[in-house]
There are 2 protein chains.
Amino acid sequence: MSGLFKPDLSALVLGTLAAGPKHGYAITRAIREAGRGNLTLGEGQLYPVLHRLQELGFVSAEWHAQTGKPSRKVYTITEKGKRRLAKQRREWSEVSAGISSILMQASKADNHG
Amino acid sequence: MSGLFKPDLSALVLGTLAAGPKHGYAITRAIREAGRGNLTLGEGQLYPVLHRLQELGFVSAEWHAQTGKPSRKVYTITEKGKRRLAKQRREWSEVSAGISSILMQASKADNHG
DNA sequence: TGACATATATCAAGAAATGATATATAATCG
DNA sequence: CGATTATATATCATTTCTTGATATATGTCA
């Protein structure tokens, strides 16, 4: 994830998979499109995260063969993953509210002390 | 910054200083309070960021002596820092909208392909 | 022919986060 | 009286993460 604000990539992956199973490359595109240039990610970041999510049981994976093109590894969010996503959504609401309150506050008089 | 979602600490520091000059320890408290437990940060993170912001001319610093207590280094946001903050606010709006759209989307039917 | 899209994966190098440690004083608690 | 917490700045080792390149393999477009 490039840029100044870096959300946990695992949350974005789970959020993307909540809309339906996807392979890694499709996840990359989905995140880039939803971010409209503000959320970019490299493969060097995505695949390790995907493997860790699978290892922890938040997603399951299945190989889908294709003729003439490389095989796809299709990921599906698990029940455990959905619970984690729910938790991450709550956390996101709180964190983003906190960041907004700090970032969007108006300038006031001195108050150091 | 701990937790799953990690905003750029420099943006939070500049945002905090926009409300008035503060010393490092006060910045820490301000961010923790505004984050209501969701934004925590260690000193090992804050001071290097503060020094880099000063080096880059986004903040200026001045020592304030105290009797019986350690001296404070009071930071003030510069004009350059204000312009940077304005940019970071815009970026935050876009990034947070993108994250929200990914995270808060409802589950749909399969659409891998 | 070269570049780009599809598709997964690893790796080295650099950047950042975590948590501890150091230093120093005052107040609070048992 | 000893321990802990708050104030206050700063560094450091360890671990973790990001970046950008590399590897492999095919189809399409200019």
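Reminder, nothing fancy here: chain letters follow the sequence lines and each chain counts from 1.
- Between A:E43 and A:P70, the residue anchored nearer the 5' end of DNA chain D, judged by the nucleotide with its closest heavy atom, is A:E43.
- At a threshold of 4.0 angstrom between heavy atoms, the contacts of B:G24 are confined to the sugar-phosphate backbone, with no base atom among them.
- A salt bridge does not link B:E55 to B:R52: none of the charged nitrogens lies less than 4.0 Å from a carboxylate oxygen.
- Per the geometry, NZ belonging to B:K73 stands 8 Å off C1' belonging to D:dT9, to the nearest Å.
- With C:dA16, D:dT9, C:dT6 as the candidates, the nucleotide lying closest to the side chain of B:W63 is D:dT9.
- If you measure from atom OH of A:Y25 to atom C1' of D:dT26, you get 13 Å, rounded to the nearest angstrom.
- In A:K80, the NZ atom is crowded: over 12 heavy atoms of neighbouring residues, nucleotides or ligands sit closer than 6.0 Å.
- Side chain of A:R32 to backbone of A:L41: a donor-acceptor contact under 3.5 angstrom is found.
- Taking the C1' atoms of five terminal pairs at each end of the helix from C:dT1-D:dA30 to C:dG30-D:dC1, the two resulting helix axes are inclined by 10°, rounded to 10°.
- Note: NZ (B:K22) to P (D:dT9) measures 13 Å, nearest angstrom.
- The distance from atom CG of B:L53 to atom C1' of D:dA10 is 16 Å, rounded to the nearest whole Å.
- Taking atom OH on A:Y47 and atom P on D:dT19, their separation rounds to 17 Å, with Å as the unit.
- Two residues, B:V49 and A:S71, neighbour DNA chain C, and the one matched to the more 5' nucleotide by heavy-atom proximity is A:S71.
- Here the P atom of nucleotide D:dA10 and the CG atom of B:L50 are 8 Å apart, to the nearest Å.
- In this entry the distance linking CZ of B:R72 with C1' of C:dA26 reads 14 Å, nearest Å.
- Taking every heavy atom of both residues into account, A:A34 and B:I102 meet most closely at CB-CG1, 3.4 Å.
- One distance of note links CG of B:L46 with OH of B:Y25; it measures 12.0 Å at 0.5 Å rounding.
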